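Scroll down for the structure; my scribbles are underneath it.
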Amino acid sequence: KLDRQELFDAVVRDARTILGVRAAVLYLCGPHGETVRAVASEGLGAGLLPAGEISLEGGLVETCLHVRRQVEFPNIQT
């Protein structure tokens, strides 16, 4: 039986493999849907994963949650 973190890690690892991408991050919504926090990642360098709660106001993750589907953002630099 997997614990919660092992499950999150497995989801990210499998998503990265299936999608053929260099990095993947799994975010969980906060209790009121106004924030997210990264709970697992693979392929990112140390220190690149944001710590703590992230406000959804005006961000890329907010777009995905509002349209309720995958969204591609080409050529993001920051």
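Residue numbers start at 1 and run along the sequence shown. Owing to the predicted nature of the structure, the values given are computational and were not obtained by experimental measurement.
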*Look up atom CZ in Arg22 and atom CD in Glu42, then write down how far apart they are to the nearest 0.5 Å.*
14.0 Å
*Report, as yes or no, whether the 6.0 Å neighbourhood of atom CD on Glu57 holds more than 12 heavy atoms from other residues, nucleotides or ligands.*
no
*What is the distance from atom CG of Leu7 to atom CZ of Arg4, rounded to the nearest 0.5 Å?*
9.0 Å
*Please check if Val21 and Val11 belong to a single hydrophobic cluster, counting links between Ile, Leu, Val, Met, Phe, Trp and Tyr side chain heavy atoms closer than 4.5 Å.*
no
Would you be so kind as to tabulate the donor-acceptor pairs closer than 3.5 Å made by side chains of residues 25-41, with sequence neighbours excluded?
from, atom 1, to, atom 2, distance (Å)
Thr35, OG1, Glu53, OE1, 2.6

